[in-house]
Q: 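Dropping a structure here in structure tokens format, bear with me for questions.
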Amino acid sequence: IVAQVFFEDINNEKNKEAFKNYLRGKDLMFVGVGTTKAYLDSCGPKICSKLKRDNLTVFGTEEDQFHGTNIERKINVLNDVYKNKFKIAIDSCVSEAKEINSIILDNEGLKPGAGMNKIFPRVGDFSLKIVMSDSADEIIKYTTPSNCEVNELKKVLDRVDKAVQKTYTFIMMCLRELENEMKFKK
């Protein structure tokens, strides 16, 4: 692991530098892993949809999702079409309770479905894992609205929105700083 960024420390220079060091000089793309059918697993496609609106290269959005039921079919497209890109995979994940509301920056791709005990091919060259829960059961619980109370669901949706916005802000802040560095060097 390169770094772990808690949402309240999103502006920490050390964390931004750690991430920017992996981005510097690379032809980037972002890969959103997850599904909007499971609220706590929707961070990857939601973030990539926002990045796409900023004209960044993405794979796996809310409109064209990349998840467990299609990953084995779509992984070849990703690796063939974008073989020369440095792929940053973004996914929600399960970890310890004390890590909820943090982004784990990892200098390896991610293993989608690991928190659900599923085995899929590794995705990406680097990963941002957003810790959304400490339980795979909680991820499953919030897959269908009928499984939970409306107030519970509202809290989960707020948690997802906060995670998406904080992670998106962190990525864009780092990209803008890198862009400014390049302008300054010219």
Side-chain angles (χ1 to χ4, degrees), residues 1 3-12 15-16 18-19 23 28-71 87-106 110 112-116 123-124 126-177:
I1 293 175
Q4 182 164 0
V5 182
F6 284 88
F7 292 158
E8 62 269 13
D9 298 329
I10 208 85
N11 291 316
N12 179 297
N15 294 329
K16 287 193 295 187
F19 186 46
L23 304 181
L28 301 173
M29 77 169 298
F30 296 88
V31 181
V33 179
T35 177
T36 55
K37 290 180 181 177
Y39 301 115
L40 291 171
D41 191 34
S42 64
C43 291
K46 285 177 179 264
I47 292 165
C48 279
S49 290
K50 289 174 79 74
L51 294 170
K52 182 178 181 180
R53 288 190 290 273
D54 287 314
N55 296 314
L56 296 170
T57 304
V58 299
F59 188 91
T61 62
E62 291 171 292
E63 297 79 26
D64 188 15
Q65 297 177 29
F66 183 54
H67 49 71
T69 59
N70 67 21
I71 198 166
K87 297 169 195 69
I88 300 171
I90 304 170
D91 195 8
S92 306
C93 77
V94 174
S95 192
E96 297 176 39
K98 67 182 180 181
E99 295 182 341
I100 292 173
N101 293 328
S102 70
I103 307 165
I104 298 171
L105 310 179
D106 199 339
L110 58 85
M116 306 295 281
V123 175
F126 188 93
S127 59
L128 299 176
K129 296 177 266 193
I130 300 121
V131 183
M132 293 304 299
S133 179
D134 63 348
S135 155
D137 291 338
E138 185 182 28
I139 303 262
I140 293 166
K141 178 180 179 181
Y142 294 108
T143 301
T144 310
S146 62
N147 288 347
C148 53
E149 297 291 327
V150 171
N151 286 338
E152 281 182 69
L153 184 58
K154 283 177 73 175
K155 288 177 187 173
V156 166
L157 293 174
D158 287 345
R159 200 162 95 208
V160 170
D161 287 345
K162 178 182 176 185
V164 167
Q165 190 56 44
K166 292 284 187 175
T167 306
Y168 169 78
T169 300
F170 180 72
I171 292 168
M172 292 307 295
M173 192 177 354
C174 291
L175 290 174
R176 285 186 187 109
E177 287 181 16

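This chain uses plain numbering: 1 for the first residue, then up along the sequence.
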Q: Going by atom types alone, do Q165 and K50 pair a side-chain donor with an acceptor below 3.5 Å?
A: yes

Q: Please report the interatomic distance CD1(I90) to CZ(F30), rounded to the nearest 0.5 Å.
A: 6.0 Å

Q: Is the shortest side-chain heavy-atom distance between I130 and I47 below 4.5 Å?
A: yes

Q: With R176, which residues qualify under side-chain contact (heavy atoms from CB on, under 4.5 Å), at least two apart?
A: M172

Q: So, taking the atom named CG in N15 and the one named SG in C174, what distance separates them when rounded to the nearest 0.5 Å?
A: 9.0 Å

Q: Does a donor on one side chain sit under 3.5 Å from an acceptor on the other, for T35 and Q65?
A: yes

Q: Drop me the distance from I171's CD1 to L51's CG, to the nearest 0.5 angstrom.
A: 5.0 Å

Q: Using every non-hydrogen atom in the two residues, find where A89 and V123 come nearest and quote the distance to one decimal.
A: CB-O, 3.5 Å

Q: Please give me the minimum heavy-atom distance between D134 and I100, naming the atom from each residue.
A: N-CD1, 3.8 Å

Q: Do you know which two heavy atoms are closest between C43 and A163, and how far apart they sit?
A: SG-CB, 4.1 Å

Q: At what distance, to the nearest 0.5 angstrom, does CG of D41 lie from CE of M132?
A: 10.0 Å

Q: Rounded to the nearest 0.5 Å, how far does CD of E149 lie from NZ of K154?
A: 13.0 Å

Q: Verify side chain to side chain contact (heavy atoms under 4.5 Å, CB included) between L56 and L28, making sure each step is shown before the conclusion.
A: CA-CA 8 Å; L56 296 170; L28 301 173; over 6 Å; no

Q: By ring pair (Phe, Tyr, Trp, His ring centres under 6.0 Å), which residues pair with F126, not counting sequence neighbours?
A: F19, Y22

Q: Determine which pairs satisfy salt bridge (charged side-chain N to carboxylate O under 4.0 Å, His left out) with at least one residue from residues 91-100, sequence neighbours left out, and list them in order.
A: E96-K98

Q: Between G32 and C48, which heavy-atom pair has the shortest distance, and what is it?
A: N-SG, 3.2 Å

Q: How close do G34 and H67 get, counting heavy atoms only, and between which atoms?
A: O-CB, 3.5 Å

Q: What distance do K16 atom NZ and M173 atom CE have between them, rounded to the nearest 0.5 Å?
A: 5.0 Å

